[in-house]
Amino acid sequence: MAYWLFKSEPDCFSYADLAANPDRTTGWDGVRNYQARNMIRDEIKVGDGVLYYHSNAAPPAIVGIAEVVREGHPDPTAFHPDADHFDPKSREDDPTWYQVSIRAVRAIEPHLTLPSLRAIPGLASMELLRKGSRLSIQPVSTVEWETIMSLAQFCNRS
DNA sequence: GCCAACGTTGGC
DNA sequence: GCCAACGTTGGC
């Protein structure tokens, strides 16, 4: 059992979008960074916990919890010339890019905003809070996860 | 819109 | 393998 943080721009695909999907589930496609790809392909397992983070938001924040429901498998959007993230280098018989599938578990309300997270001493070394941190998939330690769970309030229905 | 930080590309 | 140029990310 491991924990992760997934970034998404809410204008592109928000936590509410995830929760509105059939079975509250989506394939996390479009990751085109090798470090993130390696985690998706090799490390992220079914049952792992996911912090859902809204980047490029005002304010940026952790807004929900999700869980991994399918481990790494080839990202189909890389194969389709019409898709946003088409990559001709990724072939079906030798895929470059992978995705996992995640399911929305609970929305966090109020959101855990970036400034509020920076104020928590126990989270000082969190990857998300590092200056210049850009990875869209990040490992989260058990201690960080438990600290965040202790801060989070969850909607009754979410 | 600005800009710092980072990843990728490509010439050498 | 080095590194400058360039593109992207993402907070502010």
Side-chain angles (χ1 to χ4, degrees), chain A residues 2-21 26-44 48-68 71-102 104-141 143-145 147-153:
Chain A
Y3 304 104
W4 309 92
L5 180 143
F6 283 24
K7 286 184 191 171
S8 184
E9 300 190 17
D11 290 348
C12 178
F13 192 76
S14 69
Y15 185 82
D17 293 330
L18 175 63
N21 256 14
T26 195
W28 201 255
D29 58 28
V31 172
R32 296 293 181 268
N33 168 283
Y34 286 99
Q35 208 175 335
R37 187 281 308 270
N38 292 346
M39 289 186 271
I40 286 173
R41 189 188 57 186
D42 305 331
E43 297 182 46
I44 300 180
D48 284 358
V50 172
L51 301 172
Y52 200 106
Y53 177 79
H54 280 174
S55 61
N56 268 313
I62 296 171
V63 302
I65 304 301
E67 66 178 336
V68 177
E71 68 180 28
H73 54 285
D75 177 348
T77 66
F79 304 136
H80 299 146
D82 296 338
D84 278 352
H85 298 97
F86 172 60
D87 182 355
K89 294 191 304 296
S90 185
R91 302 193 324 268
E92 303 214 29
D93 59 352
D94 185 20
T96 304
W97 304 114
Y98 285 71
Q99 65 177 12
V100 294
S101 298
I102 65 170
V105 177
R106 290 184 293 180
I108 294 174
E109 201 64 54
H111 295 169
L112 296 173
T113 68
L114 189 59
S116 72
L117 295 169
R118 288 196 191 284
I120 308 301
L123 298 178
S125 62
M126 203 178 168
E127 168 67 18
L128 180 70
L129 306 184
R130 225 192 75 241
K131 184 178 167 75
S133 171
R134 294 194 343 188
L135 254 189
S136 63
I137 306 272
Q138 304 178 359
V140 171
S141 74
V143 170
E144 290 161 356
W145 176 273
T147 300
I148 287 165
M149 290 306 102
S150 74
L151 295 168
Q153 298 177 266

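A note on names: the letters A, B, ... follow the listed sequences, proteins ahead of strands, and every chain is numbered from 1. Only heavy atoms go into these numbers, but all of them, side chains included; no hydrogens, no water, no symmetry mates.
- When side chains are defined from C-beta on, A/Q138 does not count as touching A/M39, because their heavy atoms never get closer than 4.5 Å.
- DNA chain B lies under 4.0 Å from no heavy atom of any residue of residues 48-66 of chain A.
- With sequence neighbours left out, A/W4 forms a ring pair (Phe, Tyr, Trp, His ring centres under 6.0 Å) with no residue at all.
- Shown for residues 128-139 of chain A: residues whose heavy atoms fall under 4.0 angstrom of DNA chain B, namely A/R130, A/K131, A/G132, A/R134.
- Contact of the A/Y52 side chain with the A/I108 side chain is not registered, since no non-hydrogen atoms from C-beta on lie closer than 4.5 Å.
- Residues satisfying the ring pair (Phe, Tyr, Trp, His ring centres under 6.0 Å) test with A/F13, not counting sequence neighbours, are none.
- With contacts defined as side-chain heavy-atom distances shorter than 4.5 Å, the pair A/I44/A/E71 does not qualify.
- Ring-plane geometry between A/H54 and A/H111 is classed as perpendicular, the angle between the planes exceeding 60 degrees on a 0 to 90 degree scale with a lower cut at 30.
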Please walk me through it: do A/D75 and A/Y98 pass side chain to side chain contact (heavy atoms under 4.5 Å, CB included)?
CA-CA 4 Å; A/D75 177 348; A/Y98 285 71; 5.6 Å; no
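- A/Q35 CD: 12 or fewer foreign heavy atoms inside a 6.0 Å radius.
- Not counting sequence neighbours, the partners of A/W97 by the ring pair (Phe, Tyr, Trp, His ring centres under 6.0 Å) test are A/Y34.
- Nucleotides of DNA chain C that come within less than 4.0 Å of any heavy atom of chain A span, from the 5' end to the 3' end, C/dG7 to C/dC12.
- The shortest distance between side-chain heavy atoms of A/L5 and A/M126 falls below 4.5 Å.
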